[in-house]
Amino acid sequence: MTDPVSRAILLLGIEKYSDRDDVEQAYLRRMLYAVTDRVLESAGIDETLRLRADRGDSVLELIDADASVHALLRTLLGEVPAQLRAVNRMASSSAQIRLRAVLATEYVAVDELDGRVGSDLDHACRLLDGDVLRTALRERTNGFALVVSEGVHAGVVRHNRPGVPADEFHAVTVSGKNGPLRAWLHGPVPAGAEDHSERGAGGTPAPDVGSGERPAPGQGAGSPTVDVNGGAGGRRGENA
């Protein structure tokens, strides 16, 4: 197994994928890959900086640490909704594509079976499949919902960089089988989900709690390989 290296983790998943027939699923997967390629190209991330894994209803991109996470996040926020509008304008009602996304900056290793290994990647998969992100997407009219990890929030979002407004991100807790995971949701927190943002005196944000995600209980060195065909826990094509 290779040594763990720092990479940006980007996951993009299709809403209600398993509700579609084979023809529609094949079309949606083509559109998912096309949107992903256009967004990464717009962010200045060429194929030499990317390692892709197919997950059926979603795609995983492991991106070299030399790539700009700020540029990627800014492009995700600005370009994905525009790309979805362009694609859906020409698609039938049964072939409309809506996406949920996770962006994290964590450590990932590759094992001898070419599998991606690490608790950080496992956490990102659970964020993608979590109820908070799925519910948020159902409430979005632009067809796109995004959460970022603690590391991305600490390193990029909280600094209020151009194109990434810090006040549009809200701290949420996502339930996981090994315990809760803290993340930051872009846009309104969905009905029934609590906004866990901590505020100081005068409504100013409290100090940041850390620069990276903490492993859930039972996770750490020796974490099991993530099944890239089915995500964390082997799920594939689960309805949003």
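Note: hydrogens, waters and symmetry copies are ignored here, and every other heavy atom, side chains too, is used.
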- Item | Residue pairs fulfilling salt bridge (charged side-chain N to carboxylate O under 4.0 Å, His left out) with at least one residue in residues 81-98, sequence neighbours excluded | Glu15-Arg98
- Query: Quick one: does Glu150's side chain have a donor or acceptor within less than 3.5 Å of a partner on Arg182's backbone?
  - Reply: no
- Using atom types as modelled and distance alone, determine if a side-chain donor or acceptor of His153 lies under 3.5 Å from a backbone N or O of Ala166. no
Flag the pair [X] / [Y] as yes when at least one side-chain heavy-atom distance between them is below 4.5 Å, and no otherwise.
| X | Y | value |
| --- | --- | --- |
| Ile97 | Leu99 | yes |
| Ser18 | Asp57 | no |
| Val102 | Ile9 | no |
| Phe169 | Leu185 | no |

Using side-chain hydrogen bond (donor to acceptor under 3.5 Å, both in side chains) as the criterion, list what pairs up with [X], not counting sequence neighbours.
| X | value |
| --- | --- |
| Asn88 | none |
| Gln83 | Arg38 |
| Ser92 | Ser94 |
| Glu168 | His186 |

- Decide, yes or no, whether a salt bridge links Arg158 with Asp167 under the criterion of side-chain N to carboxylate O below 4.0 Å. no
- Item | Cationic N near anionic O, under 4.0 Å, Arg50 to Asp64 | no
- Looking only at heavy atoms, which two atoms of Ile63 and Leu40 are closest? And how far apart? CD1-CD2, 3.8 Å
- Looking only at heavy atoms, the pair that brings Val132 and Thr173 closest together is CG2-O, 3.9 Å
- Can you list the residues that meet the side chain to side chain contact (heavy atoms under 4.5 Å, CB included) rule with Arg74, with sequence neighbours excluded? His70, Ala71, Val164
- Apply the test salt bridge (charged side-chain N to carboxylate O under 4.0 Å, His left out) to residues Arg7 and Asp66: give CA-CA distance (whole Å), side-chain angles for both, the deciding distance (0.1 Å), then the verdict. CA-CA 9 Å; Arg7 290 184 179 271; Asp66 289 337; over 6 Å; no
